[in-house]
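Not measured: the values here are computed from a predicted model. Per chain, numbering begins at 1; letters A, B, ... match sequence-line order.
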Amino acid sequence: MCIRARTLPDREHAIATPMAKLTPRSQDFSEWYLDVIREADLADYAPVRGCIVVKPYGWTIYEHMRDFLDRRFKETGHVNAAFPMFIPLSFIQRESEHVQGFAPELAIVTHGGGEQLEEPLAIRPTSETIIGYSYAQWIKSYRDLPVLINCWNSVVRWEKRTKPFLRTTEFYWQEGHTAHATHEEAIEEVLRMLNVYYDHMREDCALPGIRGRKSIYERFAGAINTYSVESMMGDKRSLQSCTSHDLGQNFARAFEIKYLDRDNTEKYCWTTSWGLSWRLLGAVIMVHGDDQGLRLPPKIAPIQVVIVPIFKNDAEKSAVMEASSHIARTLKAAGLRVKLDDRDETPGFKFNDWEMRGVPVRVEIGPKDLANGTVALARRDLPSKEGKSFVPQAGLAERIQALLPEIHQSLLSQAEAFLHGNIRACYTWEEVKEAVQDGWALAPLEDNPANDEFIRGELSAKTLNFPLDQTEGEWKCVVSGKPVRERALIGKSY
RNA sequence: CGGGGAAUGGCGCAGAUGGCAGCGCGCACGGUUUGGGACCGUGAGGUCCCGGGUUCAAGUCCCGGUUCCCCGACCA
């Protein structure tokens, strides 16, 4: 079963570009997104509701993202481990807010080996509880702290409304779980990991975002504070790209995660958890993509450079192929991920094909280039003519190595301009109402669940977060009118 | 979970009033081509989403279900 595309209702467009495979982004962003996933060969639907099959090209992008992030976890002192995907139902019920938050989304196993289980097993929607059980056994002394563990796994949440990568029944992610002696240390960890995510997004994925604290209403079930990075998609809706939770002592108390301190008294640990899923790949698609398809940041692109040979006859072919192979070898030796496209297709077809797949750099080599000692160099981040130039073959590897960071920066800058250009400072409810029709509002807000509910009810938008970077000031809450010192981002979201 | 749309070859679609399952693209093979989605010829490819029912006969009509898309509710 495959992801289906719709007919292009825009006939004129279809005639103008008869081979168009994507719904134009401006016409229907949601269809465009699904079209890109299909045409760029990222994923298929699975025969199970809300589940997807991630194809090799899509998975390779995720692998690169994962590897960069994993490196950052290791650099900040974390180690990886694995815990069971089955969680005794009673574990999830131990933390009261946690169970309330997750009960509606649980998948539960009632049978095993042909027999009904004595205690049903939940398939993990997240692992705080089963990891808490282990931590309670592992942690005896202040000398055992902190515990800094990360898991790469998948979790299951029975979502009502799903969308490839953004919200799937099963999704791959990482979840970090740490335990600390003091609340200060735990808070430090929560913010450290928020910044690790923020840096990963910017530096590896060219994705800007706004770091902030979630409102009381929006925070994780069982946390005393949740932080997020909110990203703005191409349709100006927000995507919560990652979260980092200060769990206080809630799970420590529920699972008896205690240590004996220097003063010989027993104390509860302070725990944290933080996660980032393949949803971020959805953000890469929706932030960078255009009407030609994907535009991948070079660091996570499965193929960084594609070489397209051009020739008219056999004589030209052998000369061009020889030069192409040589260049491919040179670029590979320089550490670039290179693909020489020797398929029996026309160059024009290949140009479009690789643009669809988001390859950052294209090298074209034809007879004219052989004569001139040049190649045509095209960059995906700029429109076709603007991004194409003829450069000498000599020093090509160095040139491309220097170009990749430039493309990264260009994608980041474009996204950043879009993000900041679509946030409006608002000071009245009327202004907020108007701003969220076409972007985000930054407005004074009292952190009170009643206000969140009001916003949701009135606007089909929600409180995204209270940005960490706040300007000093005192305003009146746009909902309650009470004096506040903080402003919140409000917008439509995924 | 509520409202609306949809499901026919790998993809996009057509198949009034029930009567031999089709088109474009893609795919395979042969040839001509190749600097922005080439062309000619030949050919392969189908549980018409699933299960019941009506009928001499169901892609088409009726009932039930599944999945996908959109809007809402819900949701780290």
Taking only heavy atoms on the protein side, list every residue of [range] lying under 4.0 Å from any atom of RNA chain B, sorted numerically.
range                       : value
residues 274-289 of chain A : none
residues 346-371 of chain A : A:Thr346, A:Pro347, A:Gly348, A:Phe349, A:Phe351, A:Asn352, A:Asp353, A:Glu355, A:Arg362, A:Glu364, A:Gly366, A:Pro367, A:Lys368, A:Asp369
residues 306-319 of chain A : A:Ile310, A:Phe311, A:Lys312

query: Between A:Tyr135 and A:Phe255, does a ring pair (Phe, Tyr, Trp, His ring centres under 6.0 Å) hold up when you go through it step by step?
result: CA-CA 8 Å; A:Tyr135 280 11; A:Phe255 288 87; over 10 Å; no
Do we see a donor-acceptor contact under 3.5 Å between the side chains of [X] and [Y]?
X        : Y        : value
A:Gln304 : A:Lys339 : no
A:Gln292 : A:Asn352 : no
A:Thr168 : A:Thr162 : no
A:Thr226 : A:Thr243 : no
A:Glu230 : A:Ser238 : yes
A:Asp438 : A:Asn422 : no

Protein-nucleotide distance ([X], atom [atom1]; [N], atom [atom2]), rounded to Å:
X        : N     : atom1 : atom2 : result
A:Asp41  : B:G10 : CG    : C1'   : 12 Å
A:Leu34  : B:G12 : CG    : P     : 11 Å
A:Glu458 : B:A73 : CD    : P     : 12 Å
A:Asp452 : B:C75 : CG    : P     : 12 Å
A:Asp35  : B:C11 : CG    : P     : 13 Å

Considering only [options], which nucleotide approaches the side chain of [X] most closely?
X        : options             : answer
A:Lys388 : B:C69, B:G36, B:C74 : B:G36
A:Thr162 : B:U67, B:C75, B:C69 : B:C69
A:Pro164 : B:C75, B:C71, B:C69 : B:C69

- prompt: Starting at the 5' end of RNA chain B, which residue's closest nucleotide do you reach first, A:Asp344 or A:Lys462?
  reply: A:Asp344
- request: Report the residue (A:Gln292 or A:Phe171) whose heavy-atom-nearest nucleotide on RNA chain B is the more 5′ of the two.
  value: A:Gln292
Describe the nucleic acid contact of [X] in one word from base, sugar-phosphate, nothing, applying a heavy-atom distance below 4.0 Å.
X        : value
A:Ala376 : base
A:Phe390 : base
A:Gly50  : sugar-phosphate

query: Can you tell which of A:His245, A:His78, A:His200 makes a ring-ring contact (aromatic ring centres under 6.0 Å, His included) with A:Trp274?
result: A:His78
I want to check one thing: is the phosphate of [N], taken as OP1 and OP2, less than 4.0 Å away from some side-chain N or O of [X]?
X        : N     : answer
A:Arg161 : B:C69 : no
A:Arg157 : B:C75 : no
A:Tyr45  : B:C69 : yes

Separation of the C1' atoms in B:A6 and B:G43, to the nearest angstrom: 33 Å
task: Determine the interatomic distance between C1' on B:G64 and the same-named atom on B:A28; round to the nearest Å.
output: 42 Å
- request: Please report the C-alpha distance between A:Asp235 and A:Arg25 in whole Å, then the side-chain angles of each, then the deciding distance to 0.1 Å, and finally whether the salt bridge (Lys or Arg N to Asp or Glu O under 4.0 Å) criterion is met.
  value: CA-CA 9 Å; A:Asp235 59 355; A:Arg25 207 163 173 260; over 6 Å; no
query: Is the base of B:A7 syn or anti, where syn means the angle lies within 90° of 0?
result: anti
- prompt: Would you find a donor on one side and an acceptor on the other, under 3.5 Å apart, between the side chain of A:Arg157 and the backbone of A:Glu105?
  reply: no
message: Checking A:Met65 against A:Asp204 for the side-chain contact (heavy atoms from CB on, under 4.5 Å) test, could you report, in this order, the C-alpha distance in whole Å, the side-chain angles of both residues, the deciding distance, and whether it holds?
response: CA-CA 7 Å; A:Met65 297 169 76; A:Asp204 302 327; over 6 Å; no
- request: Determine whether any donor atom in the side chain of A:Arg167 lies under 3.5 Å from an acceptor atom in the base of B:C75, or the reverse, and answer yes or no.
  value: yes
message: Using a distance-only criterion (donor-acceptor N/O pair, under 3.5 Å, no hydrogens), is the base of B:G2 paired with the side chain of A:Lys160?
response: no
query: Any idea which heavy atoms bring A:Leu296 and A:Pro302 closest together, and the distance?
result: CD1-CD, 3.7 Å
message: Run through RNA chain B and report every stem of 3 or more consecutive Watson-Crick or G-U pairs, distances under 3.5 Å, ordered by first number.
response: B:1-7 with B:66-72, B:10-13 with B:22-25, B:27-32 with B:38-43, B:49-53 with B:61-65
task: Report the residues that fulfil ring pair (Phe, Tyr, Trp, His ring centres under 6.0 Å) with A:Tyr227, sequence neighbours left out, ordered by chain and then residue number.
output: none
query: Who passes ring pair (Phe, Tyr, Trp, His ring centres under 6.0 Å) against A:His98, sequence neighbours left out?
result: A:Phe102, A:Phe220, A:Phe251
- prompt: Are side-chain heavy atoms of A:Leu396 and A:Ile327 found at a separation under 4.5 Å?
  reply: yes
